[in-house]
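Some notes on the structure that comes next.
Numbering of ligands and ligand atoms starts at 1, following listing order. Only a predicted model underlies this, so the values are computations on that prediction, with no experimental measurement involved. When a residue number appears, it is its place in the shown sequence, counting from 1.
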Amino acid sequence: MTSILEKIRNIPIAVPSLGDEEWQAMREPLLSGWLTQGPKVLQFEEEFAKLHDVKHALAVTSCTTGLHLALKALGVGPGDEVIIPAFTWVATANVVLYCGATPIFCDVDEETFNIKVSDIPSKITERTKVIIPVHLFGLCADIHAIRSIVPSHIKILEDAACAAGASYKGLSAGSLGDMAVFSFHPRKSITTGEGGMVTTQDKELNRLSEIMRNHGAEVPEEVRHSSAKPYLLPDFKMLGYNYRMTDLQAAVGLVQLQKLHSFIRERQTWAEYYTEKLQGIRWLKPQATPDYATQHAWQAYVCYVDPDLAPMPRNDIMDILQKKGIATRPGTHAVHMLSFYKDKYRIKMDDFPGAKACDHNTMAIPLHNKMTQEDFDYVIEALKAI
Ligand SMILES: *Cc1c(COP(=O)(O)O)cnc(C)c1O
């Protein structure tokens, strides 16, 4: 019997699923001349809000700029503290510094890779203003447990970068905290090239975010352009930014949004296939999916390589897979171990043992909507051969 491993394949870690429909969708804004935030952005926001069961959605240039806006809308400034998990993409910490506030790291759970709820109380001080739970790789953080231990004046901002279409106890990601922000970077489940979406149920938080997204202008551009009064310029009462999404991106986003649930369904099927086929490998543990995760968005399939059981260090395993044409990546990084943060706050690697372990031992294996049955079997056999 010949092994599937005999012929080398080339399997990238993630590939965006875009096609002719997205290409066609860009024609209309391109030819109409309305290129930046306009009717397509408005429609994208409305449909995104409907799909995530929230009252308000605001399209922005990225999840990072959206998180910045959300923190500003929540009133975060110098002297305030914001609690974040120590194992997340660096942007979750950077946005806190953009506001002049201090990021307070919290450890993560080695099974779910999400913020460790039991570690939160010791991080709360009278300066704590916001906590940012991250729905890492599309698995919602245990929001109800977090809400029940965090005093009610502390706001919850979901970093839902990876969690479009995810749900928690049947409730949509993006509707779980006071505010949430999603990403449409090509590495996420749906993409607009760059892009993000800020969601909230709160009218005032949405209004503040909307004003700051557009230079601090009190009158939205759409209203100004359609006004009969040519002398009407908006007033500016606060410091704003330019975080507007283009209508070209929103046109692509609208098409991608229609495919979101089928993308997730397909990824879920393959994630379950991986989990079933890989369960014989004692040193490889997939991200735990607790019962409260009624829908994991499977932005990535990330495993924990148990250093006590694995036949060799994780990096050697990644090297072997690379030679077989299989791309892998560490899940993400421990922010407190990155030079900028380590030096700035004099944090020791061992201060957050869960985050350190996840940094050293997590491994994302290929999962995207362009993979075939043979690709999945090839990855599985390559892992078994180690
Ligand atoms: C990707 C990601 C971000 C940043 O998203 P951008 O849209 O690239 O700014 C923030 N947080 C997490 C957890 C992410 O995975």
Subset of ligand 1 atoms that lie under 4.0 Å from at least one heavy atom of [X]:
X	answer
Val134	13 (C)
Thr92	11 (N)
Ser62	7 (O), 9 (O)
Thr88	13 (C)
Cys162	15 (O)

Side chain, backbone, both or neither: which part of [X] comes within less than 4.0 Å of ligand 1 when only heavy atoms are counted?
X	value
Ala161	side chain
Thr64	both
Lys188	side chain
Thr65	neither

So [X] and [Y], would you call those rings parallel, tilted or perpendicular, with 30° and 60° as cut-offs?
X	Y	value
Tyr292	Tyr168	tilted
Phe44	Phe184	tilted
Trp270	Tyr273	perpendicular
Phe105	His336	tilted

Suppose we measure from atom 7 (O) of ligand 1 to each protein heavy atom; which comes out shortest, and what is that distance?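 Scanning the protein heavy atoms, the shortest distance from atom 7 (O) of ligand 1 goes to Ser183 OG, 2.7 Å.
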Suppose we measure from atom 5 (O) of ligand 1 to each protein heavy atom; which comes out shortest, and what is that distance?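 Closest protein heavy atom to atom 5 (O) of ligand 1: Cys63 CB, 3.2 Å.
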Under 4.0 Å between a Lys/Arg side-chain N and an Asp/Glu carboxylate O for Glu47 and Lys50?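 Looking at Glu47 and Lys50, the cut-off is not met.
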Does Ser172 reach the main-chain N or O of Ser175 with its side chain, forming a donor-acceptor pair under 3.5 Å? no
Is a side-chain donor or acceptor of Tyr378 paired with a backbone partner of Lys324 at a separation under 3.5 angstrom?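 Indeed, once roles are kept as given, a pair shorter than 3.5 Å links the two residues.
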Of Glu46, Glu21, Gln43, Gln249, which is the lone residue that meets side-chain contact (heavy atoms from CB on, under 4.5 Å) with Leu254? Gln43
Could an N or O of ligand 1 be found under 3.5 Å from any N or O of [X], whether backbone or side chain?
X	result
Trp89	no
Leu136	no
Glu194	no

Option whose closest heavy atom lies nearest to atom 13 (C) of ligand 1, chosen from Asn94, Asp159, Val95: Asp159
Can you find a non-hydrogen atom of Gly196 under 4.0 Å from ligand 1? no
Verdict with reasoning, Glu110 to Lys116, per salt bridge (charged side-chain N to carboxylate O under 4.0 Å, His left out): CA-CA 9 Å; Glu110 283 163 52; Lys116 190 173 182 174; 6.0 Å; no
So, for Phe352 and Phe87, is the gap between ring centers shorter than 6.0 Å? no
